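Okay, so here's the structure we're looking at.
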Amino acid sequence: RVQLSQLASLPREAERGLVEWLFDIPVRRNDDIDFWSARLLRDNPGQAASDEGNKASWTVQLAFDLPGLGPMQAQVSLQGERVSTRFWATQVDTLPLLRDHLPDLRQSMDEVGLAIGTIDCQAGEIQGSGKPPSSPLIREKV
């Protein structure tokens, strides 16, 4: 599993400016241990928005399944000095609970002095997640 994550983290020829790491985070929940999938990305500084001074953009994506809430994904992005957070819930019943707690998240982020961008939640999955890489991880030549 670790080797597959390392292979998937290798830069692909078409995406030389993209730095990406994949790993699992063990999270203890009572007597159980869950593994949250994590993906850390750094976009090429040349591709960042010009209004942020052409700084690199960092993104952390998490995928996890919480009892009672179902499968969820979260994305935290840092572009320049601005932090944005988005949540995706597979179960539509989870959305009202998430929306009720977004103001608490915004307040906590504000209290520690973060410049806040978008804070949002929606149904479904992160766009492009589960999409196979554009090039194969292993190339065989006969």
Side-chain angles (χ1 to χ4, degrees), residues 1-140:
R1 196 169 174 168
V2 170
Q3 288 174 338
L4 288 175
S5 292
Q6 289 172 341
L7 281 172
S9 297
L10 290 174
R12 294 180 281 278
E13 288 179 23
E15 302 168 340
R16 284 285 180 213
L18 179 69
V19 176
E20 177 179 5
W21 295 277
L22 304 171
F23 50 94
D24 291 328
I25 302 172
V27 177
R28 181 177 295 275
R29 184 179 40 86
N30 298 325
D31 292 333
D32 295 329
I33 295 179
D34 295 328
F35 287 95
W36 291 18
S37 297
R39 181 178 180 202
L40 178 64
L41 303 144
R42 182 184 66 91
D43 293 329
N44 185 350
Q47 296 173 351
S50 60
D51 62 340
E52 291 293 338
N54 238 5
K55 294 182 181 177
S57 171
W58 289 90
T59 302
V60 176
Q61 295 176 341
L62 298 171
F64 46 92
D65 190 346
L66 298 173
L69 298 178
M72 293 180 54
Q73 294 175 317
Q75 177 174 295
V76 179
S77 300
L78 173 68
Q79 188 161 7
E81 301 296 322
R82 187 165 304 279
V83 176
S84 295
T85 306
R86 294 181 190 262
F87 295 93
W88 287 264
T90 305
Q91 296 179 4
V92 180
D93 297 345
T94 303
L95 287 175
L97 181 61
L98 287 174
R99 286 190 179 116
D100 287 346
H101 290 284
L102 289 181
D104 297 333
L105 177 61
R106 180 177 290 278
Q107 180 180 353
S108 295
M109 291 170 72
D110 191 40
E111 286 173 0
V112 296
L114 295 174
I116 303 166
T118 304
I119 297 179
D120 191 19
C121 63
Q122 59 195 49
E125 295 182 357
I126 294 176
Q127 291 180 347
S129 69
K131 182 177 157 185
S134 57
S135 62
L137 294 177
I138 299 173
R139 292 190 179 124
E140 295 180 9

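None of the values given here were measured: they were computed from a predicted structure.
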Taking all non-hydrogen atoms of both residues into account, name the closest pair between Leu95 and Ala89 and its distance.
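Scanning both residues completely, I find the closest heavy atoms to be CD2-CB, 4.2 Å.
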To the nearest 0.5 Å, what is the distance between [atom1] ([X]) and [atom2] ([Y])?
{"X": "Gln75", "Y": "Ser77", "atom1": "CD", "atom2": "OG", "value": "4.0 Å"}
{"X": "Ile119", "Y": "Arg99", "atom1": "CD1", "atom2": "CZ", "value": "14.0 Å"}
{"X": "Thr94", "Y": "Met72", "atom1": "OG1", "atom2": "CE", "value": "6.5 Å"}
{"X": "Leu98", "Y": "Trp88", "atom1": "CG", "atom2": "CH2", "value": "12.0 Å"}
{"X": "Gln91", "Y": "Leu69", "atom1": "CD", "atom2": "CG", "value": "7.5 Å"}

Side-chain heavy-atom pair [X], [Y] within 4.5 angstrom cut-off:
{"X": "Ile25", "Y": "Leu62", "result": "yes"}
{"X": "Asp24", "Y": "Ser37", "result": "yes"}
{"X": "Gln73", "Y": "Glu125", "result": "yes"}

Side chains of residues 100-117: which donor-acceptor partners sit under 3.5 Å, not counting sequence neighbours?
| residue | atom | partner | partner atom | Å |
| --- | --- | --- | --- | --- |
| His101 | ND1 | Asp104 | OD2 | 3.4 |
| Gln107 | NE2 | Glu111 | OE2 | 3.0 |
| Ser108 | OG | Asp104 | O | 3.1 |

Only counting residues at least two apart or in another chain, list the ones meeting salt bridge (charged side-chain N to carboxylate O under 4.0 Å, His left out) with Asp120.
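Asp120 satisfies salt bridge (charged side-chain N to carboxylate O under 4.0 Å, His left out) with Arg86 only.
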